[in-house]
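When reading the values below, keep in mind they use all heavy atoms of this one structure, side chains included, and skip hydrogens, waters and symmetry mates.
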Amino acid sequence: MTFNGFAAEDFEVFTIDGLEPRMDALISRVRPKLTALGDEVAPFLSALCGEEMFPHVAKHARRTVHPPNDTWVAWGPGKRGYKALPHFQTGMFQSHLFIVFAIIYESPNKIIFADALSGSIPAVRERLPGNFFWSTDHLDPHGTPQSDMGGEQFAELMRRLKEVKKAEVTCGLRIANDDPVLQDGPALLKVIEQTFETLLPLYRMSF
């Protein structure tokens with residue numbers, strides 16, 4: 001399957017009530033697109049990172065009651081999984097598509113990243129666009145724009161990564177669900193690749 005972008009209906013699956021009905025819609029409507037996207041981006045990311053990057057599409061297998069509010073494809077250096085290592089993600093909430101670098105709570109690398117970030121904040125501020133977002137919870141659709149990340153905000157982010165067991169970090173671009181670029185597969189692929197190029201230094205800092 002060739003990746004041709006996302007339609008407005010793909011975001012509407014998150015309005016479907018009930019675990020099974022929403023999962024049925026995700027599996028039939030969205031997951032094939034995420035799988036195609038994962039396969040298309042993997043060679044680019046592998047070349048960019050200098051190591052093989054494997055795509056992993058979210059299965060939401062642990063859910064038994066509450067339907068998921070987001071879904072994604074992740075790329076990481078682990079063939080069997082991605083959660084324990086820093087990785088890249090593209091996915092969606094009802095309101096937007098996200099294209100991010102991520103370290104989630106299972107990974108010990110969040111402490112490595114926090115230490116590296118402490119000496120690199122000026123360079124990070126210079127490199128990242130103001131419309132990128134930072135978050136310490138990958139399940140939260142909100143976040144803090146890079147343009148609002150002052151010294152106190154970075155200090156709190158680093159503190160949480162070091163001291164809070166379930167702390168996480170994601171950083172990247174968000175695209176509103178009605179943005180026309182989402183329906184243009186080649187154009188969206190270019191945006192995703194450019195975003196990952198911009199985020200590459202964060203990935204490098206996390207090892």
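Side-chain contact between L117 and L157 is present, with at least one heavy-atom pair separated by less than 4.5 Å. Side-chain contact between V191 and I175: present, with at least one pair of heavy atoms (C-beta onward) separated by less than 4.5 Å. At least one side-chain heavy atom of H87 sits under 4.5 Å from a side-chain heavy atom of I104. Looking at F133 and M149, their side chains never come closer than 4.5 Å, going by heavy atoms from C-beta outward.
Remark: F54 engages no residue in a ring-ring contact (aromatic ring centres under 6.0 Å, His included) (not counting sequence neighbours). Not counting sequence neighbours, E126 has no partner by the side-chain hydrogen bond (donor to acceptor under 3.5 Å, both in side chains) test. Every residue meeting the side-chain contact (heavy atoms from CB on, under 4.5 Å) condition with A176, not counting sequence neighbours, appears here in chain and number order: D178. Under the salt bridge (charged side-chain N to carboxylate O under 4.0 Å, His left out) criterion, R159 pairs with E156, E163, sequence neighbours left out. Considering only residues two or more places apart in sequence or on other chains, S95 meets the side-chain contact (heavy atoms from CB on, under 4.5 Å) condition with F93. Partners of K162 under the side-chain hydrogen bond (donor to acceptor under 3.5 Å, both in side chains) rule, at least two apart in sequence or in another chain, are D115. Considering only residues two or more places apart in sequence or on other chains, S147 meets the side-chain contact (heavy atoms from CB on, under 4.5 Å) condition with P145. Under the side-chain hydrogen bond (donor to acceptor under 3.5 Å, both in side chains) criterion, D39 pairs with no residue, sequence neighbours left out. R174 meets the side-chain hydrogen bond (donor to acceptor under 3.5 Å, both in side chains) test with no other residue; sequence neighbours excluded. Taking the salt bridge (charged side-chain N to carboxylate O under 4.0 Å, His left out) definition, one finds that D70 meets it with nothing, sequence neighbours left out. Residues passing the side-chain contact (heavy atoms from CB on, under 4.5 Å) test with N131 are P129, L173, sequence neighbours excluded.
Among residues at least two apart or in separate chains, ring-ring contact (aromatic ring centres under 6.0 Å, His included) pairs with a member in residues 175-198 are W75-F196, F88-F196.
Ring geometry for W134 against F113 counts as tilted: the plane angle lies between 30° and 60°, on a 0 to 90° scale.
Between the side chains of S107 and N109, at least one donor-acceptor pair of N or O atoms lies under 3.5 Å. With no hydrogens or angles considered, a side-chain donor-acceptor pair links H60 and T71 at under 3.5 Å.
Looking at every heavy atom in both residues, C49 comes nearest to L200 through SG-CD1, 4.0 Å. In terms of heavy atoms, P68 sits closest to L19 at CD-CD1, 4.1 Å.
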